[in-house]
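First the structure, in the form of structure tokens, and then the observations on it.
Heavy-atom basis, side chains included; hydrogens, waters and symmetry copies ignored. In what follows, every chain begins at residue 1, and chains take the letters A, B, ... in the order their sequences are listed.
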There are 2 protein chains.
Amino acid sequence: MSIDGPKVLIVEDEPSQLELLSYNLDVEGYNVFKAETGEQGLLILEETEIDIILLDWMLPQASGLEVCRQIKRNKATKSIPVIMLTARGEEEDKVRGLDTGADDYIVKPYSIKELLARVRAGLRSRDGGKGVDVLSYENLSMDLTRHGVTVEDHNVHLGPLEFKLLRVLLEAPGRVFSRDQLLERVWANSLEVETRTVDVHIGRLRKQLNAACNDDYIRTVRGFGYSLDKFA
Amino acid sequence: MSIDGPKVLIVEDEPSQLELLSYNLDVEGYNVFKAETGEQGLLILEETEIDIILLDWMLPQASGLEVCRQIKRNKATKSIPVIMLTARGEEEDKVRGLDTGADDYIVKPYSIKELLARVRAGLRSRDGGKGVDVLSYENLSMDLTRHGVTVEDHNVHLGPLEFKLLRVLLEAPGRVFSRDQLLERVWANSLEVETRTVDVHIGRLRKQLNAACNDDYIRTVRGFGYSLDKFA
DNA sequence: AATCAATGTAACAGTTTTGTAAAATGACGC
DNA sequence: GCGTCATTTTACAAAACTGTTACATTGATT
């Protein structure tokens with residue numbers, strides 16, 4: 001039970017998920033508020049100065065989408081960052097497209113590590129918006145909040161998938177990821193995606209990165225997969 | 001399907017928990033096997049060389065307790081560390097007291113961080129820590145997660161077979177392996193492979209290593225086989 | 001030194017894996 | 001609906017890897 005930390009509101013109907021999330025956030029020093037329905041969540045929002053909201057997409061009564069709308073409609077709460085938790089297969093693209101006003105979303109099953117990173121990013125964006133979340137390796141750097149990538153000081157424009165792909169690689173530079181692992185992380189295992197698709201996207205990513213620099217940042221490990229590695 | 005990492009078997013009936021655990025372990029580089037019932041779990045244990053087991057206390061049919069007993073009764077599996085996952089209120093004290101043979105237990109809701117720490121600890125306690133990801137001998141080192149090999153600070157590029165071969169040698173530096181032993185370990189005895197093939201691959205490995213350093217790391221023991229040894 | 005068996009290795013052919021362009025698909029905004 | 005864009009699949013080319021063979025070299029033994 002932390003005393004101060006930022007206040008996080010979790011709205012999630014499945015108790016075990018709620019517990020787990022709450023516990024993990026608590027361990028990190030956050031001040032956790034729990035709600036099992038949208039109504040409860042909105043009530044808590046009225047009473048407490050919440051700093052960030054984790055909102056399950058699927059909720060028993062009002063859908064997460066609806067709850068999000070309500071939060072964003074209310075002047076007092078509209079500036080609170082909302083991270084939507086969506087289950088695999090609930091078509092993340094639609095989520096992105098929809099005008100929910102959500103600030104971020106994350107697809108289940110997510111790694112707690114990633115979730116925590118997003119929460120931090122969300123909090124940063126709120127107060128001052130100055131803080132940056134930057135991943136980098138050698139001369140390559142990725143600004144998560146700006147969604148921008150730089151190689152040797154050249155800006156590189158990446159499509160959404162390429163961006164995600166690079167992000168995964170960048171989260172553990174040097175580590176070799178099998179095609180299956182990449183499918184799982186980048187494509188959230190949306191079944192029916194060929195493993196070879198990974199190759200094509202790796203190829204594109206490579207081309208984009210190399211266009212700006214010369215050295216090859218992506219290493220192919222024959223028979224295993226790929227890694228971000230200036231192996232030389 | 002992860003490639004390297006230690007193999008973790010999770011036995012947990014609640015799908016969302018199973019997914020979450022599995023995903024988080026996978027992200028950390030473990031090779032995850034999933035089972036929703038004790039039976040399934042035991043089956044997997046028969047087929048696969050599991051390194052550590054996460055076992056839910058509450059299971060639909062056979063209770064986790066019973067499954068644990070069975071694991072510990074079986075000579076082949078008794079040495080595999082078992083971490084029990086118990087829900088709060090299921091009287092942890094009793095768990096501790098009971099002679100389940102479990103090596104560790106953790107109470108829900110747990111922080112993933114803590115769980116991962118316990119898993120690492122469990123693996124360490126096993127056989128001297130099979131969870132090592134760097135093998136080395138003298139100035140030669142092999143990073144398993146990176147799939148990279150270094151000799152005197154030079155990177156060496158090895159093909160999949162050469163890599164495996166070196167790995168076997170590196171797991172017991174100095175020990176002499178006969179060609180048959182190497183065939184067994186590296187080629188998994190895929191029938192119809194000539195003995196002489198080993199020589200060829202040893203030769204290739206040698207060439208690659210020597211290209212980067214000068215000293216010969218591989219010793220030929222005439223009439224017996226090869227070993228990793230900077231003898232002369 | 002001559003012999004013989006064991007080992008080293010280059011070269012080849014066959015296979016597998018990866019790179020990539022281009023066509024098919026699908027989503028979205030107009 | 002239609003064009004545009006991003007993604008996925010497909011198909012083929014290129015590259016890397018493998019196992020075998022043949023021949024060269026080595027080392028032990030006589």
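Between the P atom of dA6(D) and the NZ atom of K164(A) lies a distance of 16 Å, rounded to the nearest Å. The separation between R219(A) atom CZ and dT18(C) atom P is 13 Å, rounded to whole Å. The CZ-P distance, from F163(B) to dA16(D), rounds to 19 Å in whole Å. With rounding to whole Å, L161(B) atom CG is found 20 Å from dG14(C) atom P. Atom CG in L158(B) sits about 14 Å away from atom C1' in dA16(D), given to the nearest Å. Across the protein-nucleic acid pair, E192(B) atom CD and dG19(D) atom P stand 12 Å apart, rounded to whole Å. In this structure, CG of L165(A) is placed 11 Å from P of dT7(D), rounded to the nearest angstrom. Following rounding to the nearest Å, L182(A) (CG) and dT8(D) (P) show an atom-to-atom distance of 13 Å.
The ring pair (Phe, Tyr, Trp, His ring centres under 6.0 Å) test applied to F163(A) returns H147(A), not counting sequence neighbours.
Note on Y226(B): a side-chain N or O is less than 4.0 Å away from OP1 or OP2 of dG8(C). OP1 or OP2 of dC17(D) sits under 4.0 Å from a side-chain N or O of H157(B). Between W187(A) and dT7(D) there is no side-chain polar atom (N or O) within less than 4.0 angstrom of OP1 or OP2. In this model, the phosphate group of dT7(C) is not approached by any side-chain N or O of T220(B) to a distance below 4.0 Å at OP1 or OP2.
Put simply, the side chain of R196(A) and the base of dT20(C) share a donor and an acceptor less than 3.5 Å apart. Judged by atom type and distance alone, R222(A) does not reach the base of dT18(C) through any side-chain donor-acceptor pair under 3.5 Å.
In this structure, a donor-acceptor pair under 3.5 Å is absent between the side chains of D51(A) and Y30(A). Defined by atom type and a distance below 3.5 Å, a donor-acceptor pair is missing between the side-chain atoms of Y217(A) and R206(A).
Applying the side chain to side chain contact (heavy atoms under 4.5 Å, CB included) test between L140(B) and each of L169(B), D215(B), L170(B) identifies L170(B) as the sole match.
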Original post:
Can you check salt bridge (Lys or Arg N to Asp or Glu O under 4.0 Å) on R185(A) and E171(A), steps first, answer last?
Top reply: CA-CA 11 Å; R185(A) 286 171 177 65; E171(A) 266 163 6; over 6 Å; no

Original post:
Given the rule in the salt bridge (Lys or Arg N to Asp or Glu O under 4.0 Å) test, do K7(B) and E49(B) qualify, once you have shown the distances and angles that lead to the verdict?
Top reply: CA-CA 7 Å; K7(B) 301 191 181 63; E49(B) 262 217 6; over 6 Å; no

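Of the residues near DNA chain D, E194(A) and T197(B), the one whose nearest nucleotide (by heavy atom distance) lies more toward the 5' end is E194(A).
Under the 4.5 Å side-chain criterion, counting only non-hydrogen atoms from C-beta, Y226(B) is not in contact with V221(B).
Residues of residues 199-210 of chain B having a heavy atom closer than 4.0 Å to DNA chain D, listed by number: V200(B), H201(B), R204(B).
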